[in-house]
There are 2 protein chains.
Amino acid sequence: MDQLRAMRYFSKVVETGSFTKAASAFNVPPSSLSRRVADLEKSLGATLLKRSTRIVKLTEVGQIYYNDVQQILNQLAQSHETVRSYQTTPMGRLRISSMVGFGDKILLPLLDEFSTLYPQIVLDVSFSDELSTLGRDDVDIAIRGGYAPNERVLAIRLMDNGFIPVASPSYIEKHGIPNNAMELTQHNGLYFKAPTGPTPWLCNMNGQWHDVSGPAVAISNNGPWLAKKACNGEGILMSTRWALASYLESGKLVELKFEHELAITQHSDMAVYLLYQKQRYLVPKVKAAVDFLVERIKVK
Amino acid sequence: MDQLRAMRYFSKVVETGSFTKAASAFNVPPSSLSRRVADLEKSLGATLLKRSTRIVKLTEVGQIYYNDVQQILNQLAQSHETVRSYQTTPMGRLRISSMVGFGDKILLPLLDEFSTLYPQIVLDVSFSDELSTLGRDDVDIAIRGGYAPNERVLAIRLMDNGFIPVASPSYIEKHGIPNNAMELTQHNGLYFKAPTGPTPWLCNMNGQWHDVSGPAVAISNNGPWLAKKACNGEGILMSTRWALASYLESGKLVELKFEHELAITQHSDMAVYLLYQKQRYLVPKVKAAVDFLVERIKVK
DNA sequence: TCCTATTGTTGTCTTTAAAGCAATAGTGAT
DNA sequence: ATCACTATTGCTTTAAAGACAACAATAGGA
């Protein structure tokens, strides 16, 4: 029995919910799938699918087995790709996922350059602040704030990701410069919303963490919109230095400095990380992109 | 092409270093293996093996692919076992790995009981202080000091693993009781050697770590031998409370207490952990053992 | 409630792919 | 240089999967 083929058949049946539909996807008669899946069930000694003429659905073991099968087929495909592309020029589809702010400001310009360097690589870029499940074959490279998720994923520190407080000159003129962090509780706040929730204003004084958030004027996961509001003098904003760079240079926003530094999390090493699967570094397109991005961003 | 079969063939050829030997392991003529491996190479578009009539060895890609293949075949086998054994009574070979000290004192007595509870489970127990690669199919359950290795492995905290300093009454009579941790540097030391190296005497005073190790009399990874030396009054020993329990009860050794507690590492949460792969908990024999050990040891 | 369209299974034949076997060619050691 | 062993190749045999048709079962509509 060709177990692998049986597994692929089974997998497709689960996904389409039908033997007939799955069969047409493989261009074989439904009887083949029926037999192969039956063989598989026999060899496993368990019923994977509950069939009726109208509806096909997974049993409890079937669900467990299906998950395993997905993972195995995935690894097989990745291994295949690794070997096939070994020592060839970088090419093919490269899936990159990035935080939205970082993507706009920094990644996209670099990717244009990357594309001219490697014209045979087709970029497939998606922006999201949620961490897509790297390794589940969703993306080849991910760029995220925070820290490394697990061992099989390599994380390269690209740049600092510490949040700094800023306000417009007009806001300062109207409300005065806060002399110390505690006074911030009296000020209007524009809050960036991370996937984990809104980011408070935290301050570490003598080993003690204090929440010094002021009343909220606006909360959003859209950085530019908050920045615009900050420019209008609607409140104080905490965001990353790289996201605010253009505003700070033009003087539309100015950094507020305090004796005790502010943060948005108690975790100290906030940074932007480039993430990829260790094994996939052997695939030329992945290696090319990782090397390129690290060289271009890290030196900066 | 039955890719899986080809992969198994390839794998065996690598391991035996010969097509003929591998063929006899499968009870098929060598020509079959030759063809299947050739098919595989064709589908991958790469040469996996460097053949001559005398020796067969891996190419560079071959090595990479071989590693992948091992992992995939392994997962396949595990998945198969999970499904096959789903909802059956616990049975089969259960491989347990444990730290030597813990194994002698605590694990073995419990396992006797476990065996009578589950007579159909064949125990395969090995003792070592090195962490075997859980997940590489080497062991089903591991017991180790320290902390969890990675995400795919579940760690259950069984009991405290903090080291305490002890000495025999005769030693104390001869050298006097050290009044504070700093004085330990003047005392003879019996040092337990962990896989990471000998374990120093450390002391945290007001947030500062100090190495207060005294001159070494003996260093070993053999706990009982060190304990015997300690009983003979040859020096001060630091070991875990559970390893020393019998000596403390009989009064052969007494615990030395200090204002600032001693440790052998700066890491605070030293504990004994039971480790197993999350997925494997679905296999009855693994579930039975994990549940049994946790219940019996954790409550203790 | 009955009918019908759709879907999964089963039987039989055909096709494809792997196993078996014998012969050949190449390589490292004596 | 020869010998012994090993991988490969050509050809035949055997096993397994595909193809097609007929059948059985079920959900939905009349």
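As the structure is a prediction and not an experimental result, all values here were calculated from the model. Labels below follow one simple rule: chain letters A, B, ... track the order of the sequence lines, proteins then strands, and each chain is numbered from 1.
Ring geometry for B:Tyr65 versus B:Phe10: interplanar angle of 30 to 60°, hence tilted.
A salt bridge does not link B:Lys42 with B:Asp39: none of the charged nitrogens is closer than 4.0 Å to a carboxylate oxygen.
Rounded to whole angstrom, the span from the CG atom of A:Asp2 across to the P atom of D:dA16 amounts to 12 Å. For A:Asp39 and D:dG18, the CG to C1' distance is 13 Å, given to the nearest whole Å. Rounded to an integer number of Å, the gap from CD of A:Gln3 to P of D:dA17 is 12 Å. In this structure, the CG atom of B:Leu40 is 13 Å from the P atom of D:dT8, given to the nearest Å. A:Lys42 places its NZ atom 13 Å from the C1' atom of D:dA16, with the value rounded to the nearest Å.
When all heavy atoms of A:Thr59 and A:Lys50 are compared, the pair lying nearest together is CG2-N, 4.0 Å. The shortest non-hydrogen separation linking A:Pro284 to A:Ser85 is CG-O, 3.1 Å. The minimum heavy-atom distance between B:Val37 and B:Arg51, with the atom names listed, is CG1-NH2, 3.6 Å.
Applying the 3.5 Å distance criterion, the base of D:dC20 shares a donor-acceptor pair with the side chain of A:Ser31. Contact annotation: side chain of A:Arg36 to base of D:dG18, donor-acceptor pair absent below 3.5 Å.
Between D:dA7 and B:Tyr9, no contact under 4.0 Å exists linking OP1 or OP2 to a side-chain N or O. Look at A:Arg35 and you won't find any side-chain N or O under 4.0 angstrom from OP1 or OP2 of D:dG18.
If you check the side chains of B:Ser97 and B:Arg144, you find a donor sitting under 3.5 Å from an acceptor.
The only member of A:Lys285, A:Arg93, A:Arg95 that meets salt bridge (Lys or Arg N to Asp or Glu O under 4.0 Å) when paired with A:Asp124 is A:Arg93.
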Which atoms of nucleotides 25-29 of chain D (N or O only) lie under 3.5 Å from a protein N or O atom, and what are those distances?
unit_1	atom_1	unit_2	atom_2	d
D:dT26	O4'	A:Thr53	OG1	2.6

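The rotation axes computed at either terminus of the helix from C:dT1-D:dA30 to C:dT30-D:dA1 lie 40° apart, taking five pairs at each end and rounding to 10 degrees.
Within 6.0 Å of atom CD in A:Glu60, 12 or fewer heavy atoms from other residues, nucleotides or ligands are found, so the atom counts as exposed in its surroundings.
Every residue was checked against the ring-ring contact (aromatic ring centres under 6.0 Å, His included) condition with B:Tyr86, not counting sequence neighbours, and none meets it. Take A:Phe192 and apply the ring-ring contact (aromatic ring centres under 6.0 Å, His included) test, not counting sequence neighbours, and it matches no residue.
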**Pair A:Tyr281-A:Val290, side-chain contact (heavy atoms from CB on, under 4.5 Å): steps then yes or no** = CA-CA 8 Å; A:Tyr281 188 67; A:Val290 169; 4.0 Å; yes
**Request:** Any chance you could lay out the salt bridge (charged side-chain N to carboxylate O under 4.0 Å, His left out) test for B:Lys21 and B:Glu15, step after step, and finish with the verdict?
**Result:** CA-CA 10 Å; B:Lys21 289 202 192 78; B:Glu15 280 150 24; over 6 Å; no
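Two rings, from A:Tyr118 and A:Phe292, have their centers 6.0 Å or more apart.
Note that the first and last nucleotides of DNA chain C, 5' to 3', having any atom under 4.0 angstrom from a heavy atom of chain B are C:dA18 to C:dG28.
Residues of residues 21-30 of chain A that place a heavy atom closer than 4.0 Å to DNA chain D, in numerical order, are A:Asn27, A:Val28, A:Pro29.
Two residues are said to be in side-chain contact when any heavy atoms from C-beta on lie closer than 4.5 Å; B:Val122 and B:Leu94 fail this criterion.
Using a 4.0 Å heavy-atom criterion, one finds that B:Arg5 contacts the sugar-phosphate atoms exclusively.
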